[in-house]
Amino acid sequence: MTDRPDRPGPAGPPDAEGPLRVALLGCGTVGSEVARLLTESAADLGARIGRPVELAGIAVRRLNRERPGIDPALLTTDAQGLVEREDIDLVVEVIGGIEPARTLILAALNRGAAVVTANKALLAEDGSSLFTAAERAGTDLYFEAAVAGAIPIIRPLRESLVGDEITTVMGIVNGTTNFILDRMHTEGVGFSETLTLAQELGYAEADPTADVEGFDAAAKAAILASLAFHTRVRAEDVHREGITEVTRADIATAEAMGSVIKLVAICTLTDEPEPRVSVRVHPAMIPSSHPLAAVGGAYNAVFVESRSAGRLMFYGPGAGGSPTASAVMGDLVTVARNRVRGASGPGESSYARRQVAPIGDVVTSYHVSLSVADVTGVLASVAHCFAEHGVSLQTVRQEGTGGTPAVTTAEVHESGGSARLVIVTHAARDADLSATVEQLRCLPEVHEVISVMRVEGA
Ligand code: HSE
């Protein structure tokens, strides 16, 4: 916390007698829960803050919707007018999306109000504008609810671990995709069927693109990496692959290897060949013994490794009105306490200014599963292909299909005899692994590349 009497922002602590006034932008699943908690727990919240707190207005798109428990007198469609009200001390933004959220948050910050937001897309696209405005005004911008719902992960990265050096953040930060992949493992069903079920059960949106294509997780990864590595990382810097291509064959192969497939957000610090960060979201095989492998259903978890603390794991509900509102309320009490003391919490820390490494330079292991002609020398051809690209093999397993093996490719085509090769590589440059797979696809002995996936956490 820093004192701010010399800053050009608001004139210091609010009237010691009056309540702190909160403007709420958005009254959907999260907003209505925040409104309920602010109203029903006002006395306790006031005691924790050291000053009464009052919900002064709620900006909504339509006034005529049913909103049980919400005082209609608080509702307005004039969000801009609400954030510009001089008596508003704290603004909670739970509208989501880029606009009008950005304009409203900037208006609030520019006149010195503290802001609590759950807006991962905006923070990942233009967080620096918001942080700059907060810094100039000497006020707070808090966003615990933007990543992994109720799980405290922003504050641990921003405050608790800020004296340590974080080397890896690896998270399951999207509940929809975790639900789908978990079901594909437990029920042995395909992606499309499981997506339909997830939509019926309310775990996936009617348009599931943001979740299943990894956009939601990429925004969260950008926020986590920025905090962990003191470097500005935007959503567009994040390498992103979704889960739509994950097949039942991939799932079966993972299980045979004692692994599970998860959509992971991985942020790492690298020093070779130069200090950089890598930030990526993609499906990966994770050994069943890894702490993230046990995260089932729509739950989220974030695994952090740092030089001094070692390995830490944060786990819990990553979405939903009530869990997300818990994170919002925690921030609300914190910024209100700061306000009462005429102080503000940490701002952006981006001093390290590391470059973001392109995916081709990232070092990973791969699992590659091939259907090959069951002929003499096929293993040598396949191994040669890996060696040519400088990729070292860790394990190779052959699963024959039985019968008399053919001796030449021509015989194989006649007999249809094939075997399955299951290969796990040592860590190598992603570009070299991709080039290897492309070449494998062209080998006459390779009938099919059945499954290709990165292996993480081994
Ligand atoms: N759709 C998101 C998820 C909600 O599944 O985790 C929170 O961003």
Side-chain angles (χ1 to χ4, degrees), residues 26 28-34 92-98 101 116-125 127 142-154 157 169-184 191 194-227 235 238 240-244 246 261-267 279 281-284 292 295-303 314-331:
T29 321
V30 178
S32 55
E33 188 60 14
V34 169
V92 175
E93 184 272 314
V94 284
I95 304 171
I98 306 300
V116 173
T117 177
N119 196 328
K120 62 203 161 236
L122 177 56
L123 287 161
E125 179 171 310
Y142 272 56
F143 47 97
E144 186 63 69
V147 180
I151 304 173
I153 184 62
I154 300 299
L157 295 179
V169 179
M170 180 152 112
I172 294 169
V173 291
N174 183 271
T176 304
T177 47
N178 202 53
F179 174 85
I180 292 172
L181 292 171
D182 194 30
R183 278 302 263 239
M184 286 173 74
F191 169 77
T194 316
L195 171 61
T196 304
L197 175 72
Q199 286 170 321
E200 282 164 10
L201 295 175
Y203 288 112
E205 306 278 346
D207 177 358
T209 312
D211 293 317
V212 300
E213 296 291 1
F215 290 101
D216 176 82
K220 293 166 179 169
I223 295 169
L224 294 175
S226 301
L227 293 174
V238 180
R240 177 190 53 77
E241 295 169 30
I243 65 163
T244 54
V246 177
I261 297 178
K262 297 287 185 191
L263 181 74
V264 281
I266 306 179
C267 319
V279 193
V281 167
H282 54 71
L292 287 178
V295 178
Y299 277 84
N300 282 195
V302 184
F303 177 77
F314 302 82
Y315 169 85
S322 188
T324 309
S326 166
V328 169
M329 294 305 292
D331 279 354

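Whatever order the structure lists ligands and atoms in, that order sets their numbers, starting from 1. Computed from a prediction, not measured in an experiment: that's the story for all the values here. Excluded from the calculations below are hydrogen atoms, water molecules and symmetry mates; all remaining heavy atoms, backbone and side chain alike, are included.
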Is ligand 1 under 4.0 Å from a heavy atom in the side chain of Thr324, in the backbone, in both, or in neither? neither

For ligand 1 and Tyr203, I'd like to know whether there is a polar contact (N/O to N/O, distance under 3.5 Å). no

Tell me which part of Asp211 gets within contact of ligand 1: side chain, backbone, both or neither, using heavy atoms under 4.0 Å. side chain

Considering only the protein, which heavy-atom contact is closest to atom 5 (O) of ligand 1, and what is its distance? Thr176 OG1, 2.7 Å

Without swapping roles, check the side chain of Asp331 against the backbone of Phe143 for a donor-acceptor pair under 3.5 Å. yes

Without swapping roles, check the side chain of Lys220 against the backbone of Gly171 for a donor-acceptor pair under 3.5 Å. no

So the atoms of ligand 1 within less than 4.0 Å of a heavy atom of Lys120 turn out to be 7 (C), 8 (O)

Just jot down the ligand 1 atoms closer than 4.0 angstrom to any heavy atom of Lys220, in number order. 6 (O), 7 (C), 8 (O)

Any idea which heavy atoms bring Ile151 and Gly316 closest together, and the distance? CD1-N, 3.3 Å

Quick check: does any side chain N or O of Glu144 sit under 3.5 Å from a backbone N or O of Ile154, one acting as donor and the other as acceptor? yes

Shortest non-hydrogen contact between Tyr315 and Ala301, atoms and distance: CD1-CB, 4.0 Å

Donor-acceptor contact present, side-chain Gln199 to main-chain Gly202, <3.5 Å: no

Please answer whether the main-chain N or O of Ala298 pairs with a side-chain N or O of Asn178 as donor and acceptor at a distance below 3.5 Å. no

Ranked by distance from atom 4 (C) of ligand 1, the top protein heavy atom is Ala319 CB, 3.7 Å

Using a plain distance cutoff, I'd like to know if Asn300 has any nitrogen or oxygen under 3.5 Å from a nitrogen or oxygen of ligand 1. no

With a 4.0 Å heavy-atom cut-off (strictly under), which part of Glu205 contacts ligand 1: side chain, backbone, both or neither? neither

Asp216 heavy atoms, cut-off 4.0 Å: which ligand 1 atoms fall inside? 2 (C), 8 (O)

Backbone N or O of Ile98 within a donor-acceptor pair of the Asn119 side chain at under 3.5 Å? no

Candidates Ala145, Pro317, Gly175, Ala204; heavy atom nearest atom 6 (O) of ligand 1 found on Gly175

